[in-house]
Amino acid sequence: RKEVEQDPGPFNVPEGATVAFNCTYSNSASQSFFWYRQDCRKEPKLLMSVYSSGNEDGRFTAQLNRASQYISLLIRDSKLSDSATYLCVVNMGGNNRLAFGKGNQVVVIP
Amino acid sequence: NAGVTQTPKFRVLKTGQSMTLLCAQDMNHEYMYWYRQDPGMGLRLIHYSVGEGTTAKGEVPDGYNVSRLKKQNFLLGLESAAPSQTSVYFCASSQGASGANVLTFGAGSRLTVL
């Protein structure tokens with residue numbers, strides 16, 4: 001099983017719609033989880049950290065399911081500017097090494 | 001506040017040539033990292049540093065060397081470039097260990113090895 005798995009998509013989303021996707025991770029001991037956003041030909045930037053209780057930042061909601069070892073990201077009321085690749089990042093423990101998923105590509109369609 | 005700056009942004013090399021990528025950060029971060037990003041793959045850690053004068057190997061260190069002589073700079077060297085090293089290279093820094101701290105990335109350096 002890969003350390004971090006994401007369905008690359010693309011996820012074609014009508015403007016104003018809701019889109020959600022999951023990321024599964026292999027290490028049950030992982031403690032830290034993040035979503036980074038990467039625009040085309042740009043660097044990744046932190047979107048949000050994922051806490052055990054889940055967290056929300058405006059139209060974005062992240063959740064953690066430890067039992068099934070996945071994190072999720074939900075985007076409500078999608079905007080054209082949300083078009084990007086969303087990278088799932090998991091702390092694999094030990095020496096604090098981060099594992100990056102391949103990303104979920106979101107394309108918001110007018 | 002520039003954050004993390006990488007130079008050069010683009011470079012084309014011939015097989016066997018050498019080059020150095022420079023990363024500079026002005027946030028006084030202790031930790032610095034070099035990643036590579038290839039199509040269809042997640043970012044992979046090449047080397048990292050937990051402080052001035054220290055370096056350590058990441059997941060894919062072969063063919064690369066690094067140095068951290070000054071806290072603000074982290075250099076990535078390719079001694080004899082190979083086509084397999086064609087990639088986008090990202091430098092990043094963080095105040096503490098990457099497991100619990102936000103990474104700030106540079107804009108990337110696109111390297112093509114012919």
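Each chain gets a letter, A, B and so on, in the order its sequence line appears, and its residues count up from 1. This structure is a prediction, so every number in the text was calculated from the model and none was measured.
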Look at B:Pro39, B:Gly108, B:Gly106 and state which one has the largest set of heavy-atom pairs under 4.5 Å with chain A.
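Heavy-atom pairs under 4.5 Å are most numerous for B:Gly106.
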Treat each ILVMFWY residue as a node, draw an edge where side-chain heavy atoms are under 4.5 Å apart, and state whether [X] and [Y] are in one component.
X	Y	answer
B:Val102	B:Phe105	yes
B:Phe74	B:Val50	no
A:Leu46	B:Leu45	yes

Can you say whether B:Arg110 sits under 4.5 Å from chain A via the side chain, the backbone, both, or neither, judging by heavy atoms?
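Only the side chain of B:Arg110 comes within 4.5 Å of chain A.
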Distance, nearest 0.5 Å, that separates CD of A:Glu43 from CD of B:Gln37:
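The CD atom of B:Gln37 is 11.0 Å from CD of A:Glu43, to the nearest 0.5 Å.
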When rounded to the nearest 0.5 angstrom, what is the spacing between OH in B:Tyr35 and CG in A:Leu98?
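So the gap between those two atoms works out to 5.0 Å.
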Assess whether atom [atom1] of [X] is packed by more than 12 heavy atoms of other residues, nucleotides or ligands within 6.0 Å.
X	atom1	value
A:Gln63	CD	no
B:Glu79	CD	no
A:Lys45	NZ	no

Side chain proximity check, A:Gln38 to B:Phe90, heavy atoms < 4.5 angstrom:
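Yes, their side chains come closer than 4.5 Å.
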Are side-chain heavy atoms of B:Leu43 and A:Tyr36 found at a separation under 4.5 Å?
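Result no, sub-4.5 Å side-chain heavy-atom pair not found.
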Can you tell which part of A:Pro44 gets under 4.5 Å to a heavy atom of chain B, answering side chain, backbone, both or neither?
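For A:Pro44, the contact with chain B is made by backbone and side chain together.
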